[in-house]
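Reminder, nothing fancy here: chain letters follow the sequence lines and each chain counts from 1. All values below were derived from every heavy atom in this structure, side-chain atoms included, with hydrogens, water molecules and symmetry-related copies excluded.
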Protein chains: 4
Amino acid sequence: MSFPRTKIISMSNGQNKSNPPHVQNRGRKATQAILDASLELAEQSGLDSVTVEGIADYAGVAKTTIYRRWPNVSSILMDAVLSQVNAAAPIEEQSTLRETFAVSMKLLTKLYAGRNGKILRALIGRAQVEESLREAIETRWVEPRRKLARELLRRGMRRGEIRPDLDTDVVLDLLYGAIYHRLLVPYKNGKLNERFVEVLLDAVFGGITVRPGTS
Amino acid sequence: MSFPRTKIISMSNGQNKSNPPHVQNRGRKATQAILDASLELAEQSGLDSVTVEGIADYAGVAKTTIYRRWPNVSSILMDAVLSQVNAAAPIEEQSTLRETFAVSMKLLTKLYAGRNGKILRALIGRAQVEESLREAIETRWVEPRRKLARELLRRGMRRGEIRPDLDTDVVLDLLYGAIYHRLLVPYKNGKLNERFVEVLLDAVFGGITVRPGTS
Amino acid sequence: MSFPRTKIISMSNGQNKSNPPHVQNRGRKATQAILDASLELAEQSGLDSVTVEGIADYAGVAKTTIYRRWPNVSSILMDAVLSQVNAAAPIEEQSTLRETFAVSMKLLTKLYAGRNGKILRALIGRAQVEESLREAIETRWVEPRRKLARELLRRGMRRGEIRPDLDTDVVLDLLYGAIYHRLLVPYKNGKLNERFVEVLLDAVFGGITVRPGTS
Amino acid sequence: MSFPRTKIISMSNGQNKSNPPHVQNRGRKATQAILDASLELAEQSGLDSVTVEGIADYAGVAKTTIYRRWPNVSSILMDAVLSQVNAAAPIEEQSTLRETFAVSMKLLTKLYAGRNGKILRALIGRAQVEESLREAIETRWVEPRRKLARELLRRGMRRGEIRPDLDTDVVLDLLYGAIYHRLLVPYKNGKLNERFVEVLLDAVFGGITVRPGTS
DNA sequence: TTTTAATCGAGACGGTACGTCGCGTCTTGTT
DNA sequence: AACAAGACGCGACGTACCGTCTCGATTAAAA
């Protein structure tokens, strides 16, 4: 999935002589109307009943205009959600590793409780069956975050906060995996909240085995 | 989702007088043909293109016969998969907790690599958007396994293998969450294999922090 | 074009055990509603703007129901028109050949002036470009009438009313051709009325050359 | 239909100052490319699938350039065909009336068997439903020919070849109507060839009734 | 020679209709 | 009574063209 098929080109450079029309004014308005409509409709009635025709109607746009930019509904929602979501749960370094992840993971649980998070969760579900969506999520959501997080882990290793022989990805699977487990794998009373993040971090950073002198 | 609407009743007891007819011979054949067809078609062309009409054709069965038993495609596949999957990755106690989970988790990764696992993964994805499916997965797949695993963890606590103050569910999220993370959240080179399970267990049971005298 | 794909079977015979459903009550109603709607819409806004969707809406019927019976709009209109038109301009023998054709041709001009005639004219136009429609018109409209007319001509020959060496089809082209010429080939002040029929018959039966003793 | 909207003005006169540019070189090329493309495409795949977009592509011309000159596809084809067809079946006086029409009608049957004739036939069909096309055919094809033919008939009357009391239009409907009947009204084995023309003329000029002393 | 204004190609836009697929309901014999 | 068969109303799909509307990029004329 390479959406939008034609990338919206930043207007910040001086000369934009020959941008394709939809990058220009008329088309840009249509693009935005489509993205807005898709979010609006997804919120109103669930991702599953968002249709291209529905979006076209709601956005006051022709179906062809949509198909000129995106191949299907998931890719529209993907664009719409990611443009808003990437900033919503940043990963920023705090004084300690534990604190860094505490902050990040709490933001993440908050994100998934909100409108865009609900849609993102549905998209991750859908990605199990739609390869192009899988790639898009990986490229535009997961990997950029992982890259950052790996770097932070490595700095924590250098600082002696965690064992230097660990596979950083395994550590991330441990931390974030627990969250996504509660999010995606249905399980009674698996609340996803700040309390859970703290208990989780206790277990991960404190270790789960009985250590002499720890009790 | 309450599927199957009509539970297939075991014939092993002596009197089956009051079973609905389709549970008897004619209907039982149809039921089985439907389940088989759904798996066959899901494998052939992806869960997303499995349709009630397709199953009816393939199974040589009328659509009404399908709708008499299940409300939609996911519920058919749910039944078809679970009947085979629940036995495929049992959780059985080994000599140590670590060993117990090592065995269980390796079986699980193997399961998700196979035909039924692929379908189950797609169903978990679909469940993000279909409440009844979410419940079914919880009730018939996740909770039974969690219940067992919790008990084993508690026995490990009593034996002193792990800290007794831990929330068992958090520990399970830690262990299995990492696996599901790799399974569901697309991430480059996130291989799901036995090696990963071992490294993961090292981190969980060994702890991730630098411990005096461990280096 | 073999429309309707499934012929409406007369119910007059005693046993109609296994007619396809649309021949039975529900379907028969739909069929009639479609035919009625097509005529209604053709009259309202011209054959060219009759669409399958429009007919479906007007008839309160699903598009698929239409496509199950007919392949396109022209074939619907063809059925609708012919069911009414074949009786409207019968060819019936009168006391003389000239009288026979006078009556028939006057009926024909009247037919083409009416609702169904206007549609039939448009269909003949459309047939220039749609082979299946051409065949349908030939089989169900033109040929049956020509067959009758040829026979009447032959009887006229036997009675000595016209030359026995004539090609009957050529005579028919002469008579009816003049009418269709005025109908189809646009030509100013080419009125198509009873007066024209009489003048035409004068020319054909009287001959156009100057005959000794005729003046 | 007033096509072409902008009349192609002959360049033979000395001053062409005020001609719109497309009548000059650049535009003239485009105009010709459009006309050629329309004929080419009509021949390739039938008049019904000739589209403005198709012509634009084939001619390497923008859609706007087409719409600047013609309002729709039929008018383009009308122009394209008439520019070639008017010369193809001229009506020229021969030694006798019968000979005059024999030659003319044979040329006409030949015309309708060729590429342009097939398109013209389709246009006449289309004209049943498109008023502006009807007018164009009348003004630019039918009437000029009728005017000529009427005059020739009148001279034949003066020469005593045919009855002077006849309505010339009726005679023309008789003669040409037979041809158009075979052309437009589908009828099995209604071959349109020179043999038919001869037999037809025999019937018209010989009369169809049994005449004393003719046998 | 340079400007300038009409026309050009290209193709996006809002629409309408197409013909198809699958849904879940229904109806009709058959088993 | 449940079954196979399949028609039904419905909603959405993705595509083809419609006729309108910007866009720079040619031109060929006027300045």
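- The side chain of Thr65(C) places an N or O atom within less than 4.0 Å of a non-bridging phosphate oxygen (OP1 or OP2) of dG9(F).
- Side-chain contact between Ser38(C) and Val73(C): absent, with no pair of heavy atoms (C-beta onward) separated by less than 4.5 Å.
- Per the geometry, CG belonging to Asn72(A) stands 14 Å off C1' belonging to dA12(F), to the nearest Å.
- Residues Lys63(D) and Val73(C) each lie close to DNA chain E; by heavy-atom proximity, the contact nearer the 5' end of the strand is made by Lys63(D).
- Scanning atom types as modelled, one donor and one acceptor separated by under 3.5 angstrom connect the side chain of Thr64(C) and the base of dC10(F).
- Remark: C1' of dG11(E) and OH of Tyr67(D) are 14 Å apart, rounded to the nearest angstrom.
- Nucleotide dC21(F) holds its C1' atom 12 Å from the CZ atom of Arg68(D), rounded to whole Å.
- Note: Lys118(D) NZ to Gln128(C) CD = 12.5 Å, rounded to the nearest 0.5 Å.
- Looking at residues 48-60 of chain A, you'll see Thr51(A), Val52(A), Glu53(A) sit with a heavy atom under 4.0 Å from some atom of DNA chain F.
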Side-chain donor-acceptor distances from residues 47-55 of chain C under 3.5 Å, at least two apart:
{"residue": "Asp48(C)", "atom": "OD1", "partner": "Arg126(D)", "partner atom": "NH1", "Å": "3.2"}
{"residue": "Asp48(C)", "atom": "OD2", "partner": "Arg126(D)", "partner atom": "NH1", "Å": "3.3"}
{"residue": "Asp48(C)", "atom": "OD2", "partner": "Arg126(D)", "partner atom": "NH2", "Å": "3.0"}
{"residue": "Ser49(C)", "atom": "OG", "partner": "Ser45(C)", "partner atom": "O", "Å": "2.7"}
{"residue": "Ser49(C)", "atom": "OG", "partner": "Gly46(C)", "partner atom": "O", "Å": "3.2"}
{"residue": "Thr51(C)", "atom": "OG1", "partner": "Gly54(C)", "partner atom": "N", "Å": "2.8"}
{"residue": "Glu53(C)", "atom": "OE2", "partner": "Lys63(C)", "partner atom": "NZ", "Å": "3.0"}

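- In this structure a side-chain-to-backbone donor-acceptor pair under 3.5 Å is present from Asn72(C) to Ser75(C).
- With contacts defined as side-chain heavy-atom distances shorter than 4.5 Å, the pair Gln32(A)/Asp36(A) qualifies.
- Atoms CD1 (Ile66(B)) and P (dG6(F)) sit 15 Å apart, rounded to a whole Å.
- Remark: P of dA4(F) and NZ of Lys29(B) are 12 Å apart, rounded to the nearest angstrom.
- In this structure, Arg28(D) atom CZ and dA6(E) atom C1' are separated by 17 Å, rounded to whole Å.
- Here the CD1-CD1 distance, from Ile124(B) to Ile137(B), works out to 5.5 Å after rounding to the nearest 0.5 Å.
- Taking atom CZ of residue Arg69(A) and atom C1' of nucleotide dG14(E), one finds them 12 Å apart after rounding to whole Å.
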